[in-house]
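These notes are about the structure you will find just below.
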Amino acid sequence: MPELPEVEFASRVLRKAVVGRTVRRVRALHRSQRRGLPPRHLARLRGATIIGVERRGKHQLLALSTGDTLVVHFRMTGDWLVDTTAASLEPYARVVIDLDDDTRVSLVDPRALSTVTLSPSGSSSLPPLGPDAADPDVDAGVFIGALSRRRVSIKVALLDQRVLAGVGNIYAAEALWVARIDPRAPANSITRARAVRLLAAIREVLDRAQRSSGRYRDTGEGRFQVYDREGEPCSRCGTAIARIPQAGRSTYFCPHCQRR
DNA sequence: CGTATCCTGACC
DNA sequence: GGTCAGGATACG
């Protein structure tokens, strides 16, 4: 699941490939992508020059010379593939953009849950997002305030993009482990001191992921401490990592050293 | 607040 | 051949 570091990595790859280029041809190859990108929007896209690529939370924003913005979200399994217009289409290519220098960028997404939408000039169609989790200047007071207004568990609150934009299931669990906080603790019960520690832990896990090229590691030292490690020993205390469902998704944590 | 929905590969 | 996963949204 691409979270902030993976989306940041992908948007850098994309930026290098597309900024300054003009869209020659664009196709939506899957029903679910055609819903978000109907023919009239594909037509608007054609001939536009891409002037910049920005990231906000897990969204990628492609600024176009027309004033429109192409908004991309990878959801579960999306990623960019950059090749040339001469290449054969990838099996899971959902949106394919051919550029004037024969570069082709394809949104590859086996599950087809990615969203690509054209936001007309002036009307930003982003959902409400909190401060970007990668921003080192996030105000601890704002973060504490957001938590204090939520009665859901701290883990569920961290997944709410209005609290911090860019945190997902993996890094929420990892950050709670680093901060030694029980994921079941009510968000509004988190003390100021622990919230400050949690914010630092979020930055730490995101920075570390970013430094490993925005790619997940599945072996060796860089492996996750709790995510997808049910039954394995906690590296701090040896207790078996537990898995519980929260808001319909899996939370992994150490039931011994993560406290309420 | 919980639950269904979108999708399809992976797994039983 | 059925179930599950999961980010975000919609709905009860």
Side-chain angles (χ1 to χ4, degrees), chain A residues 1-11 28-38 55-61 70-81 89-96 106-119 123-134 146-176 183-189 202 205-206 209 214 216 218 224 226-231 241-253:
Chain A
M1 302 126 265
E3 300 184 23
L4 189 153
E6 294 78 26
V7 175
E8 176 63 27
F9 182 83
S11 69
L29 299 177
H30 188 283
R31 184 163 35 94
S32 88
Q33 265 58 254
R34 280 193 289 270
R35 268 200 296 272
L37 217 48
R55 179 192 59 74
R56 275 194 225 157
K58 302 177 207 170
H59 300 266
Q60 295 171 80
L61 286 72
L70 192 68
V71 182
V72 179
H73 194 300
F74 284 159
R75 296 287 184 100
M76 307 292 299
T77 50
D79 201 2
W80 292 118
L81 177 80
L89 288 181
E90 279 285 305
Y92 299 116
R94 306 309 188 186
V95 175
V96 177
S106 303
L107 174 63
V108 176
D109 181 4
R111 295 208 175 154
L113 288 173
S114 288
T115 55
V116 181
T117 54
L118 190 73
S119 186
S123 73
S124 163
S125 69
L126 279 185
L129 296 177
D132 197 276
L147 296 184
S148 71
R149 276 179 268 106
R150 277 159 225 270
R151 288 189 292 186
V152 293
S153 69
I154 183 62
K155 161 70 181 333
V156 171
L158 287 181
L159 295 182
D160 187 335
Q161 301 298 297
R162 294 168 295 187
V163 174
L164 279 180
V167 179
N169 202 42
I170 295 173
Y171 297 121
E174 294 293 299
L176 287 165
R184 298 164 294 188
N188 62 8
S189 76
I202 291 166
V205 298
L206 293 179
Y216 298 125
D218 49 14
F224 304 126
V226 288
Y227 182 78
D228 204 23
R229 298 192 80 152
E230 183 181 14
I241 300 302
R243 179 170 71 97
I244 57 167
Q246 287 188 294
R249 40 203 64 113
S250 288
T251 297
Y252 298 86
F253 71 109

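Atoms considered below: every heavy atom in the structure, side chains included; atoms not considered: hydrogens, waters and symmetry mates. In what follows, chains are A, B, ... by sequence order, proteins preceding strands, each numbered from 1.
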Task: Residues that A:Tyr252 engages under ring pair (Phe, Tyr, Trp, His ring centres under 6.0 Å), provided they are two or more places apart - done: A:Tyr227
Task: Sugar-phosphate only, base, or nothing, as touched by A:Asp109 at under 4.0 Å among non-hydrogen atoms - done: nothing
- [ ] Looking at every strand, decide which applies to A:Thr115 at a 4.0 Å heavy-atom threshold: base, sugar-phosphate, or nothing.
- [x] nothing
Task: A:Ser250 side chain near C:dG6 phosphate (N/O to OP1/OP2, under 4.0 Å) - done: yes
Task: Partner set under salt bridge (charged side-chain N to carboxylate O under 4.0 Å, His left out) for A:Asp160, not counting sequence neighbours - done: A:Arg150, A:Arg162
Open item on the list: Using 0.5 Å steps for rounding, measure from the CD atom of A:Gln246 to the OG atom of A:Ser153.
Closed with: 4.0 Å
So does [Y] get a backbone contact from the side chain of [X], meaning a donor-acceptor N/O pair under 3.5 Å?
X        : Y        : result
A:Gln161 : A:Leu159 : yes
A:Arg55  : A:Gly57  : yes
A:Glu3   : A:Tyr171 : yes
A:Asn169 : A:Ser250 : yes

Please set out all donor-acceptor pairs under 3.5 angstrom arising from side-chain atoms of residues 71-78 of chain A, sequence neighbours excluded.
residue : atom : partner  : partner atom : Å
A:His73 : ND1  : A:Arg75  : N            : 2.9
A:Thr77 : OG1  : A:Asp109 : OD1          : 2.4
A:Thr77 : OG1  : A:Arg111 : N            : 3.4

Compare every heavy atom of [Y] with every heavy atom of [X], then report the nearest pair and how far apart it is.
X        : Y        : value
A:Val163 : A:Ala146 : CG1-CB, 4.3 Å
A:Ala10  : A:Gln60  : C-OE1, 4.0 Å
A:Leu118 : A:Leu37  : N-CD1, 3.9 Å

[X] [atom1] to [N] [atom2]: how many Å, rounded?
X        : N     : atom1 : atom2 : answer
A:Asp228 : C:dC4 : CG    : C1'   : 14 Å
A:Tyr227 : C:dG7 : OH    : C1'   : 12 Å
A:Leu113 : C:dC4 : CG    : P     : 18 Å
A:Leu158 : C:dG7 : CG    : P     : 13 Å
A:Ile170 : C:dA5 : CD1   : C1'   : 12 Å
A:Leu129 : C:dG7 : CG    : P     : 15 Å
A:Phe74  : C:dG6 : CZ    : P     : 19 Å

Between the protein and nucleotides 1-3 of chain B, list every N/O to N/O distance that falls short of 3.5 Å.
residue : atom : partner  : partner atom : Å
B:dC1   : OP2  : A:Arg151 : O            : 3.1
B:dC1   : OP2  : A:Val152 : N            : 3.3

Report, one pair per line, the protein and nucleotides 8-12 of chain C atoms (nitrogen or oxygen only) whose separation is under 3.5 Å.
residue : atom : partner  : partner atom : Å
C:dA8   : OP1  : A:His73  : NE2          : 2.7
C:dA8   : OP2  : A:Lys58  : NZ           : 3.1
C:dA8   : OP2  : A:Gln161 : NE2          : 3.3

Close N or O pairs between protein and nucleotides 9-12 of chain B (under 3.5 Å):
residue : atom : partner : partner atom : Å
B:dG9   : OP1  : A:Tyr92 : OH           : 3.2

